[in-house]
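Numbers restart at 1 for each chain; the letters A, B, ... are given by sequence-line order, proteins then strands. Because the structure is predicted, anything quoted here is derived from the model rather than measured.
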Protein chains: 2
Amino acid sequence: MAQLPTVDDVAERAGVSRQTVSNVLNSPGIVREGTRLRVESAIAELGYRPHASARRLRTRQSSTIGVRLDPISNGISGSVLDRYLHALTEQADARGMRIMLFTAVDEDDEIRHYERLRDGADVDAFVLTGTRYDDPRIEWLARERMPFVAFGRPWGSAPLDDPERLWVDVDGQAGLRMATEHLIGRGHRRIGYLGWPAGSGTGDDRRRGWELAMASAFGSTAEDLAGLATETDEGVPTARRAIETLVRTRDDLEALVCASDSLALGAMMAVREAGMPHFPVFGFDNTPVAQAVGLSSVDQRLADVASGTFELLMGATGRRVLPHGFPAGDDPRHRLITPQLVVRRSSHLEPVEEAGGTTSGDHEPTEKEQST
Amino acid sequence: MAQLPTVDDVAERAGVSRQTVSNVLNSPGIVREGTRLRVESAIAELGYRPHASARRLRTRQSSTIGVRLDPISNGISGSVLDRYLHALTEQADARGMRIMLFTAVDEDDEIRHYERLRDGADVDAFVLTGTRYDDPRIEWLARERMPFVAFGRPWGSAPLDDPERLWVDVDGQAGLRMATEHLIGRGHRRIGYLGWPAGSGTGDDRRRGWELAMASAFGSTAEDLAGLATETDEGVPTARRAIETLVRTRDDLEALVCASDSLALGAMMAVREAGMPHFPVFGFDNTPVAQAVGLSSVDQRLADVASGTFELLMGATGRRVLPHGFPAGDDPRHRLITPQLVVRRSSHLEPVEEAGGTTSGDHEPTEKEQST
DNA sequence: CCGGGAAGTTTGAACGATCAAATCTTCGGT
DNA sequence: ACCGAAGATTTGATCGTTCAAACTTCCCGG
């Protein structure tokens with residue numbers, strides 16, 4: 001073949017005009033059935049495919065969503081973003097959209113990329129990750145009226161239901177509450193919490209889930225809780241040292257829930273070294289590592305997060321990005337996804353037979369689940 | 001502003017024609033200096049940015065590279081591809097290129113996506129990962145003369161230096177040889193190998209590195225080596241069981257090198273349970289998990305792999321993708337990257353003080369290195 | 001002072017699609 | 001049968017850029 005076929009080639013073959021071919025593709029409803037079939041078979045015979053750039057130029061839409069790939073995959077939890085990215089890509093495929101990546105060294109650089117990608121009409125919208133208090137990126141996007149959705153609540157000064165700030169997030173509070181209640185159901189009372197220093201919205205929210213579960217089951221006071229909680233920066237070695245200290249000072253501790261799998265992994269290592277190989281530990285994120293080492297965890301349901309992202313961007317079934325600030329109908333401006341417990345060996349008191357198979361190869365959190 | 005400025009707006013402001021503005025942007029050399037400066041300041045004043053879709057339509061280039069995001073991030077080693085993707089995105093930025101993602105359920109589906117993305121002029125080239133023996137994707141791309149580079153040698157029937165099959169890979173053989181020699185240098189002799197079943201090009205290549213190191217240091221025969229090697233499918237639990245067996249039958253084993261971090265992690269768990277907390281173990285991939293738990297490993301230098309990918313696609317400094325089968329000049333059609341040892345606690349006999357800091361927060365393999 | 005060629009710049013067309021408006025068909029109601 | 005409106009299809013213009021060729025300007029040697 002000399003050249004790729006165009007709408008004109010298809011039109012000629014089907015004995016209709018350009019525009020009719022275009023209509024068959026974009027608004028099949030307004031074309032008479034006979035014509036439509038004729039055009040469709042011409043398309044099939046010629047193997048015609050619309051030229052994406054030409055369409056984008058004319059429609060002024062790129063059907064592309066920009067995502068920044070963070071500079072450093074942050075330790076073992078970094079895989080959360082990677083899995084989210086994967087789920088996003090699948091959703092994008094289903095909606096006729098594409099995901100374009102870019103990198104940036106810091107937030108200002110990221111904003112410069114926003115400008116460049118917007119002005120070049122490269123992307124219709126952005127998806128943000130790793131949001132923080134009063135994130136300047138969100139401010140910029142809202143001010144410029146650029147469509148976007150943040151993965152992670154925009155904790156900060158603006159109200160969470162601000163219609164200009166769309167977000168999707170995982171209900172970490174519910175997740176930790178579920179994990180804690182699971183342990184309570186297995187008969188534990190003195191359940192500790194290992195989290196990050198106060199001040200990160202995400203971390204504070206997760207801790208609150210543990211606190212609520214403890215308070216509602218045992219009426220624990222703030223003092224009780226403070227004695228059972230430890231805070232440390234993210235990382236396996238830091239968690240390990242923190243728990244080594246904790247188990248020395250609190251030898252009545254029966255179990256532990258953690259704000260992340262990294263922390264939980266460090267904690268697991270510490271309790272095993274301390275001669276308590278079956279001390280129950282719960283992580284958060286359900287990373288591949290948790291799966292590999294048999295760590296119970298809380299799965300973020302990233303597929304649901306991704307489909308929520310697209311619902312906010314494009315409406316329930318829309319094929320194009322909605323203008324900034326105008327989600328379809330009365331849709332709420334956010335999605336809060338309830339995560340799912342994944343119970344593995346690490347949260348059982350008794351040793352688990354080594355037969356294996358229960359934790360190998362599986363990827364979906366189906367081993368044993370408990371919702372809400 | 002009502003509308004984004006176009007070349008015409010810039011041209012009017014600078015008192016020149018469209019095409020001159022275009023020339024300033026694309027071939028500054030042919031424009032007289034005075035004119036160029038005038039146009040450049042008009043561009044700056046108006047904040048003009050070329051419209052990417054219009055340019056792509058006219059030039060018939062998308063300046064975009066397609067990458068398939070694998071359906072399942074394969075366990076803890078999945079992060080290798082994620083980090084490669086990140087390195088690719090950075091390189092792309094530097095070359096004025098973009099990375100577009102797509103997903104596919106299998107190889108045939110992936111090929112259908114190739115067709116769609118090519119015919120829609122969405123991408124100029126593809127980057128393949130996870131290649132296997134006689135990979136049908138490579139055959140299709142070569143037959144269709146679509147530019148591409150594979151990360152991973154196209155092990156199989158075609159010769160490795162086939163000019164139609166460009167590839168970049170990490171020299172796994174050198175990596176395992178380095179790891180083995182490092183252990184030999186520390187005085188070990190009976191060094192075992194834990195790898196995958198024979199038949200995967202990558203696995204066989206890595207094993208060969210261990211064999212060569214052993215043979216050249218101790219003159220080990222094939223029989224000696226067979227007794228020291230174990231094979232199992234990828235995965236932490238499988239590795240753990242395999243090593244539990246191995247240490248029972250070979251109580252003279254002194255150290256272990258593995259084909260992946262997953263295997264190494266399982267091995268570490270097994271030897272620790274067996275009461276040998278300081279048994280030296282080496283992994284491969286330098287995943288975040290290895291870093292987190294202090295596992296010595298072999299780093300793939302993914303930044304070098306990514307820049308090699310772009311050198312093959314676009315030439316040393318080119319700004320556009322080269323046609324299929326015609327790399328610039330006499331460049332070899334491939335890049336074989338030598339990996340780098342990252343030595344951590346897991347390969348030391350003596351316990352390491354718990355002070356930490358040596359393995360926390362770092363990301364680059366700088367803790368202690370040894371090249372070739 | 002003119003011819004010729006290189007260097008610099010402009011003009012018209014094209015890339016492949018969709019939008020907006022014009023034209024042609026179909027069909028029901030009187 | 002005829003009219004009008006709704007339905008279906010076609011035509012002309014346009015999105016913003018670069019290509020190819022035409023045109024201008026400039027410089028130099030004869």
Side-chain angles (χ1 to χ4, degrees), chain A residues 1-40 42-43 46-63 96 116 118-122 124 319-320, chain B residues 1-40 42-43 46-63 96 116 118-122 124 319-320:
Chain A
M1 85 193 84
Q3 186 101 3
L4 248 40
T6 73
V7 268
D8 286 301
D9 299 321
V10 176
E12 192 182 15
R13 175 129 188 169
V16 297
S17 71
R18 268 183 330 218
Q19 184 61 34
T20 300
V21 177
S22 174
N23 287 336
V24 169
L25 258 35
N26 301 307
S27 347
I30 70 169
V31 177
R32 204 194 318 236
E33 164 133 18
T35 320
R36 207 194 66 227
L37 294 172
R38 207 145 25 93
V39 171
E40 280 168 351
I43 289 177
L46 295 176
Y48 165 77
R49 278 178 228 270
H51 192 286
S53 293
R55 170 179 281 172
R56 290 204 262 261
L57 170 59
R58 183 61 234 209
T59 61
R60 313 184 125 283
Q61 300 191 104
S62 62
S63 299
R116 184 174 59 81
R118 178 198 54 179
D119 293 347
D122 269 306
D124 295 337
R319 304 284 298 179
R320 57 183 54 188
Chain B
M1 85 193 87
Q3 186 104 1
L4 249 38
T6 73
V7 269
D8 285 302
D9 299 319
V10 176
E12 193 182 16
R13 175 127 186 171
V16 298
S17 72
R18 272 191 324 243
Q19 184 62 35
T20 300
V21 176
S22 174
N23 287 336
V24 168
L25 258 35
N26 300 309
S27 345
I30 70 169
V31 177
R32 203 191 319 235
E33 164 134 18
T35 320
R36 207 193 66 226
L37 294 173
R38 206 143 28 94
V39 171
E40 279 169 351
I43 288 177
L46 295 176
Y48 165 79
R49 276 177 229 272
H51 192 286
S53 293
R55 170 178 281 172
R56 290 204 261 262
L57 171 58
R58 184 60 235 207
T59 60
R60 313 182 128 285
Q61 298 189 42
S62 62
S63 299
R116 184 174 59 80
R118 178 198 54 179
D119 293 348
D122 269 306
D124 295 337
R319 304 285 297 180
R320 59 184 50 188

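- Whole-Å rounding puts the A:Asn23 CG to C:dT18 P distance at 9 Å.
- Between B:Leu57 and B:Arg38, it is B:Arg38 whose nearest contact on DNA chain C lies nearer the 5' terminus.
- Along DNA chain D, read 5' to 3', the first and last nucleotides having any atom under 4.0 Å from a heavy atom of chain A are D:dA8 to D:dG16.
- B:Arg38 places a side-chain N or O within 3.5 Å of a backbone atom of B:Ala14 that can act as its donor or acceptor partner.
- Rounded to a whole Å, the CZ atom of B:Arg58 is 15 Å from the P atom of C:dA17.
- Using a 4.5 Å heavy-atom cutoff, the side chains of A:Pro28 and A:Asn23 are not in contact.
- Contact check for B:Arg13 versus B:Asp9: no side-chain heavy atoms found under the 4.5 Å cut-off.
- Heavy atoms of B:Arg56 sit nowhere under 4.0 angstrom from any nucleic acid atom.
- Across all strands, A:Arg49 comes closer than 4.0 Å only to sugar-phosphate atoms, never to a base (heavy-atom distances).
- One can place CZ of B:Arg18 at 7 Å from C1' of C:dT11, the figure rounded to the nearest angstrom.
- The separation between A:Ile30 atom CD1 and C:dC19 atom C1' is 12 Å, rounded to whole Å.
- Taking atom CZ of A:Arg55 as the reference point, atom C1' of C:dC15 lies 16 Å away to the nearest angstrom.
- No more than 12 heavy atoms of other residues, nucleotides or ligands sit less than 6.0 Å from atom CZ of B:Arg320.
- At least one side-chain heavy atom of A:Val7 sits less than 4.5 Å from a side-chain heavy atom of A:Tyr48.
- Distances shorter than 4.0 Å separate none of the side-chain N or O atoms of B:Thr35 from OP1 or OP2 on C:dG8.
- Each of B:Gly15 and B:Thr59 lies near DNA chain C, and the nucleotide nearest B:Gly15 is the one positioned closer to the 5' end.
- Proximity of a side-chain donor or acceptor of B:Thr59 to a complementary backbone N or O of B:Arg55 within less than 3.5 Å is detected.
- At a threshold of 4.0 angstrom between heavy atoms, the contacts of B:Thr6 are confined to the sugar-phosphate backbone, with no base atom among them.
- Checked by atom type and distance alone, the side chain of B:Asp124 pairs as donor or acceptor with a backbone atom of B:Ser62 at under 3.5 Å.
- Nucleic acid contact for A:Asp8: none, since no nucleic acid atom lies under 4.0 Å from a heavy atom of the residue.
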